[in-house]
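Keep in mind the model is a prediction, meaning the values are calculated, not measured.
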Amino acid sequence: MKFLFFKIFLLQILFFVTDSKAQKNECLNSNLKALNSISPLDTNFSDLEFLKEILKDVEIVALGEATHGDGTSFEAKTRLVKFLHQEMGFEVLAFESGLYDCHKAWQLIEQGENADTTAGKGVFGIWSLSKQMQPLFQYLEESKYTETPLILTGFDFQFSGSHKGAVAEEFLIEDIKALLNKYNIDLVKTEGWHAFAKDMQGRTDYSSEEGEVAMEYLLKIEKELKKLDENREITFWLQWIKSTKALITDRKYRDKYMAENLIWLKEQFYTHKKFILWGATSHFMFNSSNLGIKQFKKYPRMGDYVKEKYGERFYTIGSIIFEGERARSGWPDSYIRELKPAKKRSLEYLVNEKCSTEHCFLDFKEMDNDCYLKSKKKKSRPFGWTKYMRINIRQFMDAVIFHKKMERATAVEKE
């Protein structure tokens, strides 16, 4: 009799474990969407149609990447940009790059410069020098001839003039001089102009990041501009001055000022337009204080501010992988780092088992509340490929794109 009871007990445990595993598989299977391709050249968007329902009320979609050396992520994000622009009416592409730099690059593109080369002079070299990014810049060139071009802009308070030919290095000082002359602001010939110009020029190529000369002159320019009737041009320069003052005095709060720049762009400069953001997932995450990182409690991430402002209208997509490689420093063809296969029972491991293609999309918002992926912490590495964190990932982002294998970013071939 005792043996019979023991046998029944074991069967009950086995049934519970099997049933629990089945529920977990069903939870994952029902929310995992297979992607047929990540090629930027693939314009058959039938595999992305499901996003139209998910994103129907969203105004800002943030496309994150775990590191800046992820070539596969660049390709997948480029295809998503095309879909969002062509099929869902998103009109502005905002990079984690300089506010002035990308603005100037777009001005030049509108004036007839080729977008496939000029855009790369506005965004950081970690992207512009990557071979996997070139289809995106070529798409900007193609779209500028349409009725609804994809507009390039940037939200960073840093300058992104990090390679030869960058627009900030070439045009910034002359543009400031032209602005002052246009509105008869007599500061160019005053004592201190050359010191200011030299200081600002040094900031565009990162040879100078200290000194109060620039701040003093920025305050003078700001004061004079505020006396004028506002127009689109003056409004831009006032925002740029505000952002640049923060760069000089408050660098630790970079995410805060990136959020402020984005919100300004959305509310005042490109009103009534939907935005696509391009940058690191670690900037686009929200609820960052729950991650257990002391720095994030003191310095909230950009996504925290944007989520507070826009709520459900803001949607963050991260990236996870099973294995592969990346360019270690983020620069194409720099030191290559191997990304080992995902650990057992990690989120990446579980998704890899169920993803029927090389790439899958996993949305957390549409999951049932009782889904274990929505309520339980799992090991994952969405903020970099070297360290696992035991987190409830849906607290920090709305979805992820999964890749079975990450290919590193490679450099553009030199002519």
Side-chain angles (χ1 to χ4, degrees), residues 39-45 48 55 59-63 74-156 159-161 163-172 174-175 178 231-233 235-237 239-240 261-262 264-266 268-279 412 415:
S39 170
L41 303 180
D42 187 352
T43 56
N44 178 358
F45 297 131
L48 297 177
L55 302 177
E59 297 178 13
I60 303 173
V61 173
L63 304 180
F74 298 168
E75 293 179 330
K77 287 164 64 169
T78 296
R79 185 166 182 254
L80 269 178
V81 167
K82 287 187 174 184
F83 171 80
L84 292 170
H85 179 232
Q86 294 178 24
E87 300 292 325
M88 295 199 67
F90 284 78
E91 297 179 64
V92 182
L93 176 61
F95 264 89
E96 181 193 327
S97 290
L99 178 66
Y100 168 82
D101 310 67
C102 291
H103 174 74
K104 183 62 179 181
W106 180 245
Q107 280 189 329
L108 294 172
I109 291 167
E110 285 187 306
Q111 292 166 12
E113 296 285 336
N114 286 332
D116 55 356
T117 55
T118 305
K121 296 178 181 180
V123 303
F124 274 116
I126 51 178
W127 294 298
S128 62
L129 298 179
S130 169
K131 183 178 180 180
Q132 287 78 11
M133 291 294 297
Q134 302 317 300
L136 177 64
F137 300 143
Q138 291 161 11
Y139 180 69
L140 286 171
E141 173 66 16
E142 295 167 9
S143 80
K144 80 177 184 182
Y145 298 104
T146 67
E147 293 183 1
T148 55
L150 182 61
I151 299 165
L152 174 68
T153 191
F155 50 78
D156 203 341
F159 292 102
S160 39
H163 69 286
K164 188 177 180 180
V167 292
E169 292 184 56
E170 185 174 354
F171 295 104
L172 176 64
E174 290 304 312
D175 279 353
N231 58 34
R232 187 175 175 82
E233 180 182 39
T235 300
F236 172 81
W237 282 105
Q239 182 64 27
W240 175 79
N261 281 337
L262 173 66
W264 174 81
L265 286 164
K266 179 82 169 66
Q268 298 187 46
F269 206 68
Y270 292 117
T271 55
H272 309 300
K273 293 187 184 297
K274 296 195 291 186
F275 277 59
I276 306 167
L277 310 187
W278 187 297
V412 176
E415 297 180 358

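- Between F137 and F95, the two ring planes are tilted [angle within 30° to 60°].
- Ring orientation note: the planes of F83 and F45 are nearly perpendicular, at an angle over 60° on the 30°/60° scale.
- A donor-acceptor contact shorter than 3.5 Å is absent between the side chain of E170 and the backbone of A166.
- A pairwise comparison of heavy atoms in F90 and I60 identifies CE2-N, 4.4 Å as the closest pair.
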CA sep, side-chain torsions, deciding dist, call: D101, D156, side-chain contact (heavy atoms from CB on, under 4.5 Å): CA-CA 9 Å; D101 310 67; D156 203 341; over 6 Å; no

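- Minimum interatomic distance between S97 and W127 (heavy atoms only, all atoms of both residues): OG-CZ3, 3.8 Å.
- For the atom pair L277 CG and K77 NZ, the distance stands at 10.0 Å (nearest 0.5 Å).
- Between H85 and Y139, the angle of the ring planes goes over 60°, which puts this pair in the perpendicular group of the 30/60° scheme.
- A distance of 10.0 Å separates CG of L84 from CG of L150, quoted to the nearest 0.5 Å.
- F171 has its side chain out of reach of Q107: every pair of non-hydrogen atoms, C-beta onward, lies at least 4.5 Å apart.
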Criterion side-chain contact (heavy atoms from CB on, under 4.5 Å) on L265 and V92, from CA distance to verdict: CA-CA 10 Å; L265 286 164; V92 182; over 6 Å; no

Derivation of the salt bridge (Lys or Arg N to Asp or Glu O under 4.0 Å) call for K266 and E59: CA-CA 9 Å; K266 179 82 169 66; E59 297 178 13; 2.9 Å; yes

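- Within the structure, every pair that satisfies the salt bridge (Lys or Arg N to Asp or Glu O under 4.0 Å) test and touches residues 125-139, not counting sequence neighbours, is listed here: K131-E413.
- Nearest heavy atom pair, residue F155 against residue A94, reads CE2-O, 3.3 Å.
- If you take CD1 on I151 and NE2 on H103, they are separated by 11.5 Å, rounding to the nearest 0.5 Å.
- Looking at every heavy atom in both residues, P40 comes nearest to P135 through CB-CB, 3.7 Å.
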Audit row: T153, F269, side-chain contact (heavy atoms from CB on, under 4.5 Å) steps and yes/no: CA-CA 11 Å; T153 191; F269 206 68; 6.0 Å; no

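- A pairwise comparison of heavy atoms in C102 and V123 identifies SG-CG1, 3.9 Å as the closest pair.
- By the side chain to side chain donor-acceptor pair (under 3.5 Å) test, E87 is found to be paired with K52, residues two or more places apart in sequence or in another chain being considered.
- Of the listed residues (H272, K273, K274), just one forms a side chain to side chain donor-acceptor pair (under 3.5 Å) with E91, and that residue is K273.
- In this structure, CG on N261 lies 12.0 Å from CH2 on W240, to the nearest 0.5 angstrom.
- One finds the OH atom of Y270 at 12.5 Å from the CG atom of L262 (value rounded to the nearest 0.5 Å).
- Scanning all heavy atoms of the two residues, the minimum distance from S143 to L140 falls at OG-O, 3.2 Å.
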L136 vs L93, side-chain contact (heavy atoms from CB on, under 4.5 Å): CA-CA, chis, key distance, verdict: CA-CA 10 Å; L136 177 64; L93 176 61; 4.0 Å; yes

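- Not one N or O on the side chain of S128 forms a donor-acceptor pair closer than 3.5 Å with the backbone of K121.
- Separation of atoms CZ (R79) and CG (L63) is listed at 13.5 Å; rounding is to 0.5 Å.
- Among residues at least two apart or in separate chains, there is no salt bridge (Lys or Arg N to Asp or Glu O under 4.0 Å) pair with a member in residues 108-119.
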